[in-house]
Amino acid sequence: MTAGKLFAVLACAIAASVVLVQPAAAAPTGARVVAEVPIDDRISRVDVYSPAMDRVISNRVIRAAGGSAPTLYLLTGAGGGEDGISWWDDTDIREFFADKHVNVVLPTGGAFSLYTDWIADDPIAGRNRWQTYLTRELPGVVDARFGATGRNAIGGVSMSAGSAIDLAIQASDVYSAVASYSGCPWSSDARGIAMASAVVLRGGGNPMNMWGTPGGAVWRSHDPFLQASALSGKTVFLSAASGIPGGIDRGGIPSPIIESIASSCTGAFAARLTELGMPPIYVNRPVGSHTWGQFQTDLHDSWPHLARAIGA
């Protein structure tokens, strides 16, 4: 199916699912910790009330080894970690960061939301104000709770890879470095709209409630290709693989087609940044098919670059 035909099919699906809703309310102040549950000596579950979404979000926090430290926020895939598939569940993240001078924050939730602020509440997806939470609520809470330095990096995998890029663009004062692992920094053209909409539709949500009319002003404001210049001065790490299964793959069923799409998207975005005179750190693996073995390897490889950017 061509991009144009795919876009047409999705447009029909979006139109058919339109439900009149009220705009999402403006975010009140007052994000705060409502509970902290120890997991071990340096790891805890921190529950944070989000005024923007009027609900409590759970976050696993791996505290830094020694003193005030910067923070790395890591977002997970389409299921938001509530499906038991995440950095926490499927990688060696606890062991890897055990001796690192960084706080690692792993939010749970946001399934099929693209971790963005939706312009309207959705009858299925509910209220999604993840951009506000991840840029204006949670970082301040983490800094105060753990005495962090205020220097931050953000990374995302699969669904959240493009979201991490978008968040670093939308909140350039918050994130000094960003990593995109096996995802698709989308554009506001037909192909990008189709891919982003497909994620939302998979969760039962309506893309019109996310960013309004496809290709309109809000979509364009979240288009990393159009807004790429906002990444100037930041460390950008991009990784993907060919989709060919190999020894790097473990954890989950290989998804060659998904990874090959991620490779195409990631390569295009790397080229865009290079064109602008902002070349990223770009890893294009010859083997790898969208598994946690691949993602874990990419996280390990990205860490020295992220660490230098945030002073870890």
Worked verdict on Phe225 versus Arg272 for side chain to side chain contact (heavy atoms under 4.5 Å, CB included): CA-CA 7 Å; Phe225 285 80; Arg272 172 62 173 156; 3.9 Å; yes

OG-CZ distance between Ser113 and Arg129, expressed to the nearest 0.5 angstrom: 12.5 Å

Donor-acceptor contact below 3.5 Å, side chain Asp223 vs main chain Leu226: yes

Arg250 atom CZ: more than 12 heavy-atom contacts under 6.0 Å: yes

Shortest non-hydrogen contact between Ala69 and Asn103, atoms and distance: O-ND2, 3.4 Å

Residues in side-chain hydrogen bond (donor to acceptor under 3.5 Å, both in side chains) contact with Ser158, at least two apart in sequence or another chain: His290

4.5 Å side-chain heavy-atom contact, Trp130 and Leu167: no

Gap separating the OG atom of Ser255 from the CG atom of Asp249, nearest 0.5 angstrom: 9.5 Å

Common cluster, Leu138/Ile169, ILVMFWY with side-chain heavy-atom separation under 4.5 Å: yes

Under 3.5 Å donor-acceptor, Ser68 side chain and Gly147 backbone: yes

Ring-ring centroid check Phe97 Trp87, cutoff 6.0 Å: no

Note, Ile93 side chain near Leu74 side chain (heavy atom, < 4.5 Å): yes

Val174 to Pro139 - nearest heavy-atom pair and separation: CG1-CG, 4.2 Å

Donor-acceptor pair between Thr132 and Glu137 side chains, under 3.5 angstrom: no

side-chain contact (heavy atoms from CB on, under 4.5 Å) partners of Val199, counting only residues at least two apart: Phe112, Leu114, Met159

Cluster link Leu75 to Met53, ILVMFWY, side chain under 4.5 Å: yes

Joint cluster assignment, Tyr181 & Leu72, ILVMFWY side-chain distance < 4.5 Å: yes

Nearest heavy atoms of Pro286 and Ser242, plus distance in Å: O-OG, 2.5 Å

Whether over 12 other heavy atoms sit under 6.0 Å from Ile257 CD1: no

Intermediate values then yes/no, side chain to side chain contact (heavy atoms under 4.5 Å, CB included), Thr235 and Ile310: CA-CA 9 Å; Thr235 294; Ile310 60 177; over 6 Å; no

Val46 backbone acceptor or donor facing Ser44 side chain under 3.5 Å: no

Flag for Thr135-Gln170: side-chain donor and acceptor within less than 3.5 Å: no

Check: Leu299 main-chain N/O paired with Ser302 side-chain donor or acceptor under 3.5 Å: yes

Chi angles and distances behind the side chain to side chain contact (heavy atoms under 4.5 Å, CB included) call for Asn206, Val200: CA-CA 7 Å; Asn206 182 350; Val200 174; 5.9 Å; no

Check: Asp47 and Arg45 side chains under 4.5 Å, non-hydrogen atoms: yes

Heavy-atom pair of closest approach, residues Ala241 and Gly288: CB-O, 3.5 Å

Heavy-atom side-chain contact between Arg32 and Val141 under 4.5 Å: no

Expected output: side-chain Asn59 to main-chain Val105 donor-acceptor under 3.5 Å: no

Salt bridge flag under 4.0 Å for residues Arg42 and Asp40: no

Main-chain N/O of Gly216 paired with Thr213 side-chain donor or acceptor, under 3.5 Å: no

Matching residue for Arg127 among Asp121, Asp54, Asp122 - test: side-chain hydrogen bond (donor to acceptor under 3.5 Å, both in side chains): Asp121

Thr76 side chain reached by Ile85 side chain, heavy atoms, under 4.5 Å: no

pair Arg285-Asp298: side-chain heavy atoms closer than 4.5 Å: yes

Flag side-chain contact, heavy atom, 4.5 Å: Asn209 against Asn128: no

Arg94 NZ/CZ over Trp88 ring centroid, <6.0 Å and within 45° of normal: yes

Ala111 to Glu82 - nearest heavy-atom pair and separation: CB-OE1, 4.3 Å

Exercise: do Thr274 and Tyr282 side chains pair donor with acceptor under 3.5 Å: no

Ser86 to Trp292 - nearest heavy-atom pair and separation: C-CH2, 3.5 Å

Flag, side chain of His300 to backbone of Phe295, donor-acceptor distance under 3.5 Å: no

Evaluation steps, side chain to side chain contact (heavy atoms under 4.5 Å, CB included), between Ser239 and Thr266: CA-CA 7 Å; Ser239 63; Thr266 302; over 6 Å; no

Rounded distance (nearest 0.5 Å) linking atom CD of Gln131 with atom CG of Asp117: 5.0 Å

Interatomic spacing from NE2 in His222 to OG1 in Thr116 - rounded to 0.5 Å: 4.0 Å

Ion pair check, Arg136 and Asp173, cut-off under 4.0 Å: yes

Pairwise distance CD1(Ile62) to CZ(Phe96) - rounded to 0.5 angstrom: 11.0 Å

same_hphob_cluster(Ile154, Phe269) at 4.5 Å side-chain heavy-atom cutoff: yes

Donor-acceptor pair, side chain of Gln294 and main chain of Ser289, under 3.5 angstrom: yes

Gap between atom OH of Tyr115 and atom OH of Tyr73 - 0.5 Å precision: 14.5 Å

Any side-chain heavy-atom pair of Ser188 and Trp211 under 4.5 Å: no

Side-chain (Lys234) to main-chain (Tyr175) donor-acceptor, under 3.5 angstrom: yes

Hydrophobic cluster identity match, Trp118 and Val218, side-chain contacts under 4.5 Å: yes

